[in-house]
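Everything below concerns the one structure shown next.
Everything numeric in this text was worked out from a predicted model, so none of it was measured. Heavy atoms only: backbone and side chains are in, while hydrogens, waters and symmetry mates are out. Sequence positions, counted from 1, serve as the residue numbers for this chain.
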Amino acid sequence: MMYKPFFLKREVLVFRHFQRKGYSLFSCLGREVIISVLSVATLSSTKAAGISDEMWRVDSAQTTKEIWLGDVGVTGARAPLTKSQAVRMVTVLTRDDIQAAPVQSVNDLLKMAVGIDVRQRGALGAQTDISIRGGTQEQITILLNGINVCDPQTAHNVMDLPVDLSEIVRIEVLEGPAGRTYGTSSLVGAINIVTHPERNSSGNVTIEGGSFGYAKVHARTNIMNRHWNNQLSGSYMRSDGFSRSKAGSPNTDYSGSKGFYQGEYDDESVHCSWHFGIADKGWGSSTFYASPKWQADDQYEHTTKFFSAVQAETKKGVFHLKPSIYWNQHRDRYEGYRGQSEKMLYNYNRCNVYGITLNNYFDWTLGRTAFGAEIRNEDLVSGNLGEPLSKPRHISGTDRDYTLGINRTNLSAHLEHNVIFNRLTVSAGLVTTKCTQSDMDWQVYPGIDASYRFTDHWKAFASYNSSLRLPSFTEMYYKLQGYAANPHLKPEEMRAVEVGVQYASSAIQAKASFYHHHGRNMIDWIMDTSLGQNAVWESVNHTRINTYGAEIDLGLDIQQLWHTQSILRKLHIAYNYTEQDKDLEEHLVSQYALEYLRHKLVMQLQTHLISKLDLCLNYRWQDRVGNYTDFAGQPHSYKPFGIADARLSWTTTSHTLYVEANNILNNRNYVDYGNVPQPGTWIVAGCKFTFPQ
């Protein structure tokens, strides 16, 4: 995603006090460029220098000098733009943010992004639903290095990723419809998790232990040799769980392994990268899917996921070609009663996703233009979801067969153009899409973003974007123990407007924005409690839902503002307000779409206590709209709650020692999902040893 501009050498090229920023505009200048001081606005409270790579290459056989200036290539557009040029606001969680946070999973880390709603069923990222700005977990796209890894069966397990938290370079969060950037499944936003091999040959080992029988070991090794770079990692994690079923057996225990290989080849003409990974885990699902009618408290689930992708990008020539090919497989076994298949048959699913994408961009007199297409095939075989198969397929390791299934192919094409006029940047484009599984014709979803830089510090921005999402296979076909799906659901559609203003300097990062989402045919699970014992969860299309919201974000580099002290480093405060105009009748209960966060406040303070000792404090407060019915049949509204976390770490060049405490106030009464208990204080201690080669 990095844009690497070429500069023709005329006489002299001088950069002073530049802080490693890259600007594609310079590549259009055919004359000497001298920059002494340049201050620009960035998109979030992070510094590009913290997550970029700076390289200087000189080819003595040529008269051309190539300079790679490492500003971050962000995801807000099909054509790669630097972080400072990008029009859409992209929240970036850097490696520094990740290492400082008192979390054990990507799911927990995302809780500190104010626009993201993270609803956790189990600890350690066992199962978490993630949504953006009042949407549902099905309405966002999760990407691994730009590759869509969403499971069309269900989004409940989409965060079963093969990478360890320590391997992530950055996480980019794009809020609002992202159809023309990431395809039409990104109805309310997208999250791109970026990894790449270390830039030098090295290795490390991490060992952790903590509350409730928690233990983890992770190892990574990297070998770099000129143009080639290869990295291999693996980890194992387990826990006894924090609760027991009524029968006294563990019901929130967890165990899982991950393996991930990634490599790259880079020379002056082409950059190629690839990754292959596996994530295998099983966890006690307690009362995750229980209802007043079905009060099972010893559910269990096991998933195995395979990931593979090969990507390339050309560097020379008029057209920059960026093809990719990928295959992801998702396997799932769900046990309604743990270890008791005679009481309820286990539900098996296997979903293969194949995709080919081609993105191209080129520069010309009127700006930068990108165009491309994607073919994505989604194939599910199941014991519970889909239509009857013409020929059953055997379920490996069992005496059963897959008897149901569904297959669909999504076709899409996109076109986008970006123009920079002095202080004004405009990006406009569209995506057109068609699905073979539905009867819809080709649909077109346009979007336009614009920003204006008043000064080197102030920027105003506005955008209009639209997108579509097909229903998941679970929403269409799940029928089991109190659930009744509708195979005739219509696709969801979203149109959104956002306006805002941003201030950025070396010490202060601030942003305020206002947004309006207009959704049609929004999908949700609804229960009519007036039916008493006959009430079931049904998947339905809401007619329309309007979402209004505001978000403010402030980041302070305290050390730059207050030079005479060395303890306080950074302070970050953010708040999001969301309101929807679709209300349910008193006897109806929503499971997802109308159980959104009305208020969310996050705060983080990073401090340096003494010598190599650092302390990071996180706090989030949230207030959710909606209600749930307990196992006694009594309705309850969700109550506001606050959670505080802390991490104390001692860091040297060769090792890091740390202690993390989650929910340090031991709040045991909060409810993130109805009838799903949450743990109290969870303490983890660990050490990481680095071995340079």
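Taking the six-membered ring where the residue is Trp, Phe319 and Phe371 present perpendicular rings, their angle passing 60° and hence far from 30°. Ring geometry, Tyr261 versus Trp274: the interplanar angle falls from 30° to 60°, so the pair is classed tilted. Ring planes of Tyr361 and His320: parallel class, angle under 30° (limits at 30 and 60°). Trp364 and Phe362 have tilted rings, their planes meeting at an angle from 30° to 60° on a 0 to 90° scale.
Ala413 meets the side-chain contact (heavy atoms from CB on, under 4.5 Å) test with Ala373, Thr432; sequence neighbours excluded. Qualifying side-chain contact (heavy atoms from CB on, under 4.5 Å) partners for Thr128, counting only residues two or more places apart in sequence or in other chains: Asn107, Val118, Gln120, Ile130. With sequence neighbours left out, Arg520 forms a side-chain contact (heavy atoms from CB on, under 4.5 Å) with Glu493, Arg495, His518, Arg544.
Using a 4.5 Å heavy-atom cutoff, the side chains of Lys600 and Val602 are in contact. Between Val106 and Ile168 there is a side-chain heavy-atom pair separated by less than 4.5 Å. The side-chain heavy atoms of Ile171 and Asp97, taken from C-beta on, include no pair separated by under 4.5 Å. Looking at Gln509 and Leu554, their side chains never come closer than 4.5 Å, going by heavy atoms from C-beta outward.
When atom types are taken as modelled, the side chain of Thr141 and the backbone of Ala190 share no donor-acceptor pair closer than 3.5 angstrom.
Considering His275, His271, His196 as possible partners of Glu264, the one that fulfils the side chain to side chain donor-acceptor pair (under 3.5 Å) test is His271.
Using modelled atom types, one finds a donor on one side chain and an acceptor on the other under 3.5 Å when comparing Thr409 with Asn377.
Geometrically, Arg133 engages Tyr515 in a cation-pi contact, judged by NZ or CZ lying under 6.0 Å from the ring centre and within 45° of the ring axis.
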